[in-house]
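In what follows, residues are counted from 1 in the order of the sequence shown.
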Amino acid sequence: MAIKNIGVILAAGSGERSGFGIPKQLIKLAGKPIVEHTISAFQNCPVIDEIIIVTSPDCIEKIEDIVSNRAFEKVKKIIKGGKERFESSLAAIRASEPLADQDIRLIFHDAVRPLVSDRIIGDVVHALDHYNAIDVVVPTTDTIISADPMTNTIAGVPERQILRNGQTPQGFKWKTINDAYALALKDANFRTTDDCGVVLKYLPDEKIFLVNGETNNIKLTYQDDLHIIDKLLQLNTKKVICNDLTSRTLSALKNKVLIVVGGTSGIGEEIAKLANAYQAKVVVASRRTGTNVSNIDSLHKTFAEVHEIHGRIDYVVNSAGILVKQPLILMEYKDVLEAIQINYIGTVHIAMSAYKYLKESKGHLLNFTSSSYTYGRAFYSLYSSSKAAIVNLTQALAEEWHPHFIRINCINPERTRTPMREKAFGIETANSLLSARSVALLSLGVLLNETTGQILDITKEFAKSAIENTALSGEK
């Protein structure tokens, strides 16, 4: 009998109780609706054969657009769910009724758990070879109190070692979950928020196997959760880039057209050298080469010339910037204007000039911020504030440009040894700084990655680990 593993993404929530104002599954995370991240996880998981998305009538058109635009070919059905979660589960069960020669396994997952890993999905699917119902759990870390609702006092304290927090996905053989719901619907007092709970109550002899979940596999419930998930997504992206950073990956740069704005020194210069080594068609644009980021006409001219010569522009790296270490009140006004023009307005000009070419190539714009963006620093207030603005600009443009398949990300390197830093801070202990070449290697890894809307922190520890564990260890 043919086995078919169907991922069921439950995306019918309204988000009203959480105060989001729009359905949670459509909230943007790193430039994409959360549901798109979740669909991608199942689309890219090799053990999943098909996907069914269950959503509300108000969201069907938006989700159809996402599936169509992103070519999620595993998605075979997008169907309407109900107000209650169990109604959505029932809709998926009925929509996937097997043919006589099929062994259907349903893997139910919350659309607003976008960080589910291949490992979790794979463990659920493999466990269904031995059990008919699977739950995903993590150990409970807090002490759980059983309360007396009449007196609002403690009624008991269960042993923590036997308690688990439930997650999704939950997996079932089709007949098992169908039989459980058939019995549940005959119960006038039926109430549930959990599919495993239905099996537990109505098929009490059925063993439900527990698969280990992950603390990262959290659910978007409240607004504060969005910030946590965003940071966890950044960490996940760094792991992917680290794993992908091999000579074979960077060989994908061959014949790609790359403009490095500010590529005559520091990190930009190292990016240009490495990209050239991997046979990219690199164009360096800076004041030394006649391009002025403060002047949008100058950038328009540069981009048009590159496009005319090469026929396309695949990647744009913006590493242009100046650092003036001086109290604001002591700065000459012309220096104030120059700092803002180059560091922030220049970034805006680059984005505006690059847009139509990156739209044509479905390309990637890579910006740079600084660790000083998180907290304004005395004596370089204009630099740190402009770097904060670049972060916000990157995140905003990731949403605006996502429908056009343009990726935009931002690298946040720890203190890095560059001529600009040496000029501002003098001689510093070498091992206290990142090397510009390490940042350049990881930046190229980001450039080739499919992620968008990310602010990627690069520390000395991460850079050392990433490079030592790749085929590029000789590039240190």
Side-chain angles (χ1 to χ4, degrees), residues 1-12 38 41-42 45-54 77 79 81-82 84-113 116-140 158 161-187 189-214 217 219:
M1 184 177 290
I3 295 173
K4 183 177 288 186
N5 299 309
I6 301 177
V8 178
I9 297 175
L10 300 171
T38 307
F42 279 79
C45 185
V47 298
I48 294 297
D49 301 307
E50 293 183 4
I51 299 170
I52 295 174
I53 302 173
V54 189
K77 294 180 181 178
I79 60 176
E84 300 296 329
R85 187 185 188 280
F86 81 88
E87 294 174 317
S88 295
S89 296
L90 272 171
I93 293 166
R94 290 164 180 165
S96 58
E97 185 169 358
L99 300 174
D101 62 343
Q102 289 181 324
D103 176 7
I104 299 295
R105 286 100 180 271
L106 300 179
I107 296 88
F108 292 92
H109 188 65
D110 299 322
V112 290
R113 288 187 191 269
V116 63
S117 68
D118 266 7
R119 197 275 304 165
I120 292 177
I121 300 171
D123 284 359
V124 170
V125 167
H126 295 316
L128 284 169
D129 290 337
H130 307 285
Y131 296 86
N132 296 326
I134 311 296
D135 203 357
V136 171
V137 299
V138 292
T140 298
Q161 61 264 30
I162 66 169
L163 299 177
R164 301 289 186 273
N165 291 342
Q167 298 184 333
T168 63
Q170 294 179 341
F172 308 93
K173 291 185 179 175
W174 186 90
K175 185 178 185 305
T176 299
I177 191 64
N178 184 65
D179 289 351
Y181 268 108
L183 292 170
L185 293 175
K186 295 176 182 178
D187 182 356
N189 297 315
F190 170 56
R191 296 286 185 277
T192 189
T193 58
D194 178 79
D195 297 309
C196 279
V198 178
V199 173
L200 183 67
K201 182 174 182 179
Y202 296 100
L203 298 177
D205 294 331
E206 192 71 67
K207 294 293 185 183
I208 303 173
F209 184 73
L210 301 180
V211 162
N212 291 327
E214 296 170 1
N217 183 29
K219 182 180 180 181

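One distance of note links CD1 of Ile104 with CD1 of Ile177; it measures 14.5 Å at 0.5 Å rounding. Expressed to the nearest 0.5 Å, how far OG of Ser96 lies from NZ of Lys77 amounts to 7.0 Å. Asn212 contributes atom CG, which lies 10.0 Å from atom CD of Gln167 (distance to the nearest 0.5 angstrom). The distance from atom CZ of Arg85 to atom CZ of Phe108, rounded to the nearest 0.5 Å, is 8.0 Å. To the nearest 0.5 Å, atom OG1 of residue Thr176 and atom CG of residue Leu203 are 7.0 Å apart. Note that CD of Glu206 and OH of Tyr131 are 11.0 Å apart. Values are rounded to the nearest 0.5 Å.
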As a quick check of understanding, evaluate ring-ring contact (aromatic ring centres under 6.0 Å, His included) for His130 and Phe209, giving each step before the final call. CA-CA 9 Å; His130 307 285; Phe209 184 73; 8.6 Å; no
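Ser89 is not listed as a side-chain neighbour of Val54, based on a closest heavy-atom distance of 4.5 Å or more. Side-chain contact between Trp174 and Leu106 is present, with heavy atoms from C-beta onward closer than 4.5 Å. Here the side chains of Asp195 and Phe172 are in contact, with some heavy-atom distance below 4.5 Å. Counting only heavy atoms from C-beta outward, the side chains of Ile107 and Val125 approach each other to under 4.5 Å. Two residues are said to be in side-chain contact when any heavy atoms from C-beta on lie closer than 4.5 Å; Thr192 and Lys201 fail this criterion. Counting heavy atoms from C-beta on, the side chains of Val199 and Asn132 never come closer than 4.5 Å.
No donor-acceptor pair closer than 3.5 Å links the side chain of Glu214 to the backbone N or O of Ile120. For Asp110 (side chain) and Val112 (main-chain N/O), no donor-acceptor pair under 3.5 Å exists by modelled atom type.
When all heavy atoms of Pro169 and Val116 are compared, the pair lying nearest together is CD-CG2, 3.8 Å. Across Ile121 and Ala41, no two heavy atoms sit closer than the pair CD1-O, 4.2 Å. Here the closest non-hydrogen pair linking Ala11 and Ile53 is CB-CG2, 4.4 Å. Across all their heavy atoms, Ala91 and Ile79 have their closest contact at O-CD1, 3.5 Å. Looking at every heavy atom in both residues, Ala92 comes nearest to Val8 through CB-CG1, 3.5 Å. In this structure, Gly82 and Ala12 approach most closely via the heavy-atom pair O-CB, 4.1 Å.
Between His109 and Phe42, the two ring planes are tilted [angle within 30° to 60°].
A donor-acceptor contact under 3.5 angstrom links the side chains of Gln170 and Asp194, judged on distance only.
By the 6.0 Å contact criterion, CD on Gln161 is enclosed, its count of non-hydrogen atoms from other residues, nucleotides or ligands being greater than 12.
Screening Ile134, Asp129, Val124, Asp49 against Arg105 for a side-chain contact (heavy atoms from CB on, under 4.5 Å) leaves a single residue, Asp129.
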